[in-house]
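Below: the structure, in structure tokens.
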Amino acid sequence: MKLPLEFYENHDTITLSQRLLGCELVHKSPEGTTAGLIVETEAYLTGDPACHAYRKKTVRNAAMFGPAGTLYVYLIYGFYYCLNVVTGPEGVGEAVLIRALEPTEGLDLMGERRSLDPTTKAGLRGLTSGPGKLVIAMGISRDHNFLSLTESGIYIRPRILPDFEMVTTTRIGITQGADLPYRFYVRGNRFVSKP
DNA sequence: GCAGAGATTTTCT
DNA sequence: GAAAATCTCTGCA
């Protein structure tokens, strides 16, 4: 059960940011399967000064211009990777940043990758409570850039979180376009980076 | 429990 | 040369 390509093609970036909340991101790696519910996202659109694709296409942001349903993984601050779901048709640089997950599968493997103990409260929360952390916990690296969410070991299952309240607010950690309400998260979820 | 420094690649002024 | 869609560790309350 995975979301079909049409899901990514038939909605705009803002709508997808909202609809991805409560869906489950799954990664089947050689070491084992890890998965988590998406509980926090941010939208990055063309014409948005905070978007990497705002100025022009480079080797780093090329994946953002790919077809909807492509993964965009990039290095931030020289240390950490961030995971994005590319949206919009090919040639349009838009994407949804996955900021936080609630782990559902492969907790031990996540704990190993993050050097944390998932049986403790603090260790569990630290696994995926931020964009750079969840990339490590899921075993995602620069090699996953350009991969397709419908044709690889990484994919997203339809929404399985029954009921939740969605909060819309401004984005985090950026200086340009910081007043745009393009951040979405599940209210009260422990794994949201900043409630 | 919170605030601040530091790590390091990619891109642009 | 500097800033960027971040995290961890340290020091002090």
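Chain letters run A, B, ... following the sequence lines, proteins first, then strands; residues in each count from 1. Keep in mind it's a predicted model, so treat the numbers as computed, not measured.
- In this structure, CZ of A/R142 is placed 9 Å from P of B/dT9, rounded to the nearest angstrom.
- Salt-bridge formation is detected for the pair A/R113/A/E31: a Lys NZ or Arg NE/NH1/NH2 atom is positioned less than 4.0 Å from an Asp or Glu carboxylate oxygen.
- Checking A/T169 against A/R183 by side-chain atom types alone, no donor-acceptor pair falls below 3.5 Å.
- In this structure, a donor-acceptor pair under 3.5 Å is absent between the side chains of A/E105 and A/T34.
- More than 12 non-hydrogen atoms from other residues, nucleotides or ligands lie less than 6.0 angstrom from CD of A/Q18.
- Atom pair A/I172:CD1 and C/dA4:C1' shows a separation of 16 Å (rounding to whole Å applied).
- Note: A/Y74 and A/Y72 have parallel aromatic rings, judged against thresholds of 30 and 60 degrees for the angle between ring planes.
- Phosphate contact (OP1/OP2 of C/dT8, side-chain N/O of A/R114, threshold under 4.0 Å): present.
- A/I76 places its CD1 atom 16 Å from the C1' atom of C/dT8, with the value rounded to the nearest Å.
- In this structure, CG of A/L116 is placed 13 Å from P of C/dC7, rounded to the nearest angstrom.
- Nucleotide C/dA4 holds its C1' atom 16 Å from the OH atom of A/Y54, rounded to whole Å.
- Between the C1' atom of C/dT8 and the CG atom of A/L127 lies a distance of 15 Å, rounded to the nearest Å.
- Taking the side chain as every heavy atom from C-beta outward, A/I14 and A/Y182 approach each other to under 4.5 Å.
- In this structure the side chain of A/Y8 reaches within 4.5 angstrom of the side chain of A/V85, judged on heavy atoms.
- A/E102 and A/T128 share no donor-acceptor pair across their side chains, judged by distance under 3.5 Å alone.
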**Prompt:** Where do A/E40 and A/S193 land on the side-chain hydrogen bond (donor to acceptor under 3.5 Å, both in side chains) test, with the steps shown first?
**Reply:** CA-CA 8 Å; A/E40 184 177 0; A/S193 57; 3.1 Å; yes
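- Residue A/V59 places its side chain closer to B/dT11 than to any other of B/dT11, C/dA5, B/dC12.
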**Asked** Which string of ( ) [ ] | and . matches DNA chain C, if you list each base 5' to 3' and count Watson-Crick or G-U pairs only when both distances are under 3.5 Å?
**Response** ||||.|||||||.
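- Remark: the A/D12 side chain and the A/T15 side chain contain an N/O donor-acceptor pair separated by less than 3.5 Å.
- Taking atom CZ of residue A/R55 and atom P of nucleotide C/dA5, one finds them 12 Å apart after rounding to whole Å.
- Going from the P atom of C/dA5 to that of B/dT13 covers 14 Å, rounded to whole Å.
- The interatomic distance linking A/L75 (CG) with C/dA3 (P) rounds to 18 Å, in whole Å.
- Heavy-atom distances to DNA chain C give each of A/G126 and A/T175 a nearest nucleotide, and the one nearer the 5′ end belongs to A/T175.
- In this model, no side-chain donor or acceptor of A/H52 finds a partner on the base of C/dA4 within 3.5 Å.
- Residues of residues 78-107 of chain A having a heavy atom closer than 4.0 Å to DNA chain B, listed by number: A/G78, A/F79.
- Of the side-chain N and O atoms in A/K56, none sit less than 4.0 angstrom from OP1 or OP2 of B/dT11.
- Evaluation of atom-type donor-acceptor distances gives no pair under 3.5 Å for the side chain of A/Y77 against the base of B/dA7.
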